Amino acid sequence: MPAYASGKLIIVSNRLPFILKKNEQTLKLERKASAGGLVTAVAPVVVQGNGVWVGWAGIHLEEGEKIPESDPNDTTPTAGLRSDKVIPVDFDPQTFDSYYNGCCNGTFWPLFHSMPDRAQFSADSWKSYCAVNKEFASKTVGALENLSTEETDSGTPLVWLHDYHLMLAANSIRNVADEKNLKFKLGFFLHIPFPPWDIFRLFPWADEILQGMLGCDMIGFHIEDYCLNFVDCCQRRLGCRVDRKNLLVEHGGRTVRIRPLPIGIPFDRFVEMAKQAPIVISTSLQLILGVDRLDYTKGLVHRLKAFEFLLERYPQHKGKVALMQIAVPSRTDVKEYQDLKEEMDQLVGRINGRFSTPNWSPIKYIYGCVSQNDLAAFYRDSAVAMVTPLRDGMNLVAKEFVACQIKESPGVLIVSPFAGAGEMMNEALICNPYELVEAADTLHRALTMPEDERILRMRCLRRREKVHDVDYWMRSFLKAMGTLIFEDGDDVLPTTMQPVTLQDFDDYLAKYIGNTNKLALLLDYDGTLAPLAPHPNLATLPLETKRVLERLANMPDVYIAIISGRNVHNVKSMVGIEGLTYAGNHGLEILHPDGSRFMHPLPKEYVDKVGDLLKVLEEQVCKDGAWVENKGTSLTFHYRKVPVNARPELASTAQRLIEEAGFKAGQAHCAIEIKPPVQWNKGRASLYILRTAFGLDWSERTRIIYAGDDVTDEDAMQALKGMAATFRVAQSQIVKTSAERRLPSTDSVLTMLKWVERHFGKRLPRENSLGNLNNNHKNSFVDIELELSMPEEKSPK
């Protein structure tokens, strides 16, 4: 739904929302529409409210030349923007070049993207930047004066400054406008990252930039990390009083609000384009798509090298996949960009020369611009989109790809954690572009991801982007400025979540779980519910934890599954609570509350090999206190009692024997988990449990909490990432985890369970309980792969 401002809106941006070109025949200026989320979202609000747009025209205007009216047949968002509501800012070419190419793109662009080695610091370009910002401020004050003379009942005018080109303008606007007693509100939005203190402090005129931005009433960034970076810089550099929790900065007797306002896209428009776009490339290959400006921040060289690693590490993809990289020309007159183009050309040629066959070339490289319709077709028909910049404020390509994924069998999105999109598109596969081997592995995972997981992830991504579209972003900004008019049926927009601590369950879980959804608790046993012990038989469930679980099990809106590496009957006996789902051997065997059982089928030869491997381990490495736990379909080699100095060699020998026998070896706490080589783990088991308990649309009606302490739990945390509140119990360990939060001990898990009990204990009883749902779980499960893998119930070995 479009947003409406209570006062007239003055947009101030480096460029006007259209491009001016001279007609070759008439030599008259003509307006050509500009694409982009900013124009799509903001222009209708400016037109509706009879507002003003201030910006550079893109060309040097001759004496007496004026902005032309739009073409009568124009249907773009700027069509209704009259020429008298457009205020062009003009400069002599030398000053503008020094400001734009020198300071903006030569200094701020690399510095704010955390690449200080590429930044050039020049007093002359800084002087030009100051002069241009003053001119923008002067034109803006003129627009405010014109609005103040108009007879209108509208509210206070809102001046909205955009991006790193205009970080000084706010202070100049405020100083002059205050002298003239002009009433207005002033906001700013930065479309690129704001760097951390140790990067920002390198800029010689950091004081001026911070104080220039603090001339606003509210400053918006894409994500909370950028907000916190800005607040930190204000405190360290300027000595401002700051409130990090509420993102406030006190400066010059005023309080400035800092807000995370992630930009969106015109979601429905991309959906329509994807529906109407014809097929532009006919191939049976799986396409990996990259769409970027040719810029050093986009990680294009890293992406090509990662693709090369994919073909090396996973040769089964040769002849079956292709990387289509679209590189839009950028700053072609700058040597650094010319060098990047040359490096890209050479790299594409080398990789194609190395792997090409008479019928297949691995890379399809397009250097040039692609129409929106063709781009929508590429988005729609690609199996994977690889959005892996080295640093990016948001990156709308990721969102556009998601919007265009309208097919029944969708593709997979890979996003860099260094893009703003990586902070919120949690169902995407997160890939560090600097780690080339990891990037190749992530590509392989995307290309081989099961369809049910692809559907689930894309469904969640599309649902979020449809709601948080570009109109939502516009409304969020106006609401944060206090200038949004709500129409009938409009809901009050939710506030952005604040940061949480490991112990802050109330802030974190209350906003995550809500008051109407059912909750599924998926919990590991050893090290999560029960403290680790020297022997598995000694790892008993604390009485208080058991009582809390019993009470939770009787709540109609709470479902509990215990997912352990133990034998399923053993973990059930250790917990000793009826009505729960128990999964043993990392999910290979599952007991449902109604007594039915699931066993993942194993290759027959590995059923026999388990016993053989057990004997080999007992003969060769079971010494100095080491022993093997027999769990039927899997084993665990324990060496906790082995002297510390003897552990590495013994563990290495055991791992070699395990892998030589054809089994998987997973590291645990002073143990090695030995599993058969099947594509099944706690992650796949968790998804199966949720589908059987809640149906195929479980993600729409159910909230998930997963807690675990081991490497094997990471499979579940990855599978549920973005769809669950995940906790890693890390007891004074330095561990890499996919969990959203860390907990220090099993006692903190108990505290979390008590929070859940208190929250759900306040709810009224429901007729349709989880117990009824559990009893009918067979009817809700339709996954063909798992139906085929559910043989007759067998007794455990």
Side-chain angles (χ1 to χ4, degrees), residues 524-542 562-571 573-575 584-588 606 608-677 681-682 707-716 728-737 739 742-747 749 796-797:
D524 177 43
Y525 182 78
D526 296 274
T528 302
L529 293 175
L532 293 172
H535 193 281
N537 292 340
L538 301 177
T540 57
L541 186 66
I562 311 297
I563 307 176
S564 172
R566 292 170 175 258
N567 176 285
V568 69
H569 295 289
N570 178 260
V571 68
S573 66
M574 296 298 287
V575 176
N585 283 315
H586 310 291
L588 288 174
Y606 283 96
D608 301 328
K609 282 185 177 182
V610 172
D612 298 335
L613 178 59
L614 175 61
K615 291 179 183 179
V616 171
L617 294 174
E618 287 178 337
E619 291 173 358
Q620 299 192 34
V621 291
C622 285
K623 54 187 176 182
D624 299 327
W627 64 286
V628 180
E629 179 185 2
N630 185 356
K631 298 184 289 189
T633 56
S634 65
L635 308 169
T636 302
F637 174 66
H638 296 273
Y639 55 93
R640 188 183 303 275
K641 294 183 178 180
V642 175
V644 176
N645 58 350
R647 288 177 183 175
E649 184 179 352
L650 195 66
S652 177
T653 303
Q655 181 163 340
R656 176 177 57 80
L657 294 172
I658 294 164
E659 292 175 349
E660 286 177 353
F663 287 80
K664 291 182 178 180
Q667 297 299 322
H669 303 299
C670 293
I672 299 177
E673 299 285 356
I674 305 163
K675 298 184 291 183
N681 53 38
K682 285 187 177 182
D709 78 312
D710 211 343
V711 175
T712 58
D713 296 300
E714 294 294 327
D715 293 325
R728 173 73 184 261
V729 184
Q731 301 177 7
S732 301
Q733 294 175 339
I734 301 174
V735 295
K736 183 177 180 180
T737 181
R742 294 172 189 255
L743 297 178
S745 65
T746 56
D747 289 339
V749 176
K797 294 194 176 185

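Every value quoted in this text rests on a predicted model; they were computed, and no experiment measured them. Just so it is clear, the values below take in all heavy atoms, side chains as well, and ignore hydrogens, waters and symmetry mates.
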Value rounded to 0.5 Å, distance of [atom1] in [X] from [atom2] in [Y]:
X    : Y    : atom1 : atom2 : value
L614 : K609 : CG    : NZ    : 15.5 Å
I658 : K664 : CD1   : NZ    : 13.5 Å
L617 : T653 : CG    : OG1   : 10.5 Å
D709 : E714 : CG    : CD    : 10.0 Å

Closest approach of [X] and [Y], non-hydrogen atoms and distance?
X    : Y    : value
Q667 : Y639 : OE1-OH, 3.8 Å
A539 : R566 : CB-NH2, 3.6 Å
A530 : T540 : CB-O, 3.4 Å

Original post:
What pairs of residues pass the side chain to side chain donor-acceptor pair (under 3.5 Å) test when at least one of them lies in residues 614-629, not counting sequence neighbours?
Top reply: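 Listed once each, the pairs are E629-H638.
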If you define the side chain from C-beta out and look only at heavy atoms, does anything of [X] sit under 4.5 Å from [Y]?
X    : Y    : result
I672 : T636 : no
D526 : L532 : yes
S634 : E673 : no
D715 : H586 : no
L650 : F637 : yes
P542 : P531 : yes
N681 : T712 : no
V749 : L529 : yes

Subject >> Donor-acceptor contact present, side-chain R640 to main-chain H535, <3.5 Å >> reply: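 A pair under 3.5 Å: no.
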Original post:
Take atom CD in E649; do more than 12 heavy atoms of anything else shown fall under 6.0 Å from it?
Top reply: no
Subject >> side-chain contact (heavy atoms from CB on, under 4.5 Å) between D524 and I563, worked out >> reply: CA-CA 5 Å; D524 177 43; I563 307 176; over 6 Å; no
Original post:
Going by an N to O cut-off under 4.0 Å, is there a salt bridge joining R728 and D713?
Top reply: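 A salt bridge is absent here (no side-chain N lies under 4.0 Å from a carboxylate O).
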Original post:
Can you name the ring pair (Phe, Tyr, Trp, His ring centres under 6.0 Å) partners of Y525, sequence neighbours left out?
Top reply: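 So Y525 forms no ring pair (Phe, Tyr, Trp, His ring centres under 6.0 Å) with any residue.
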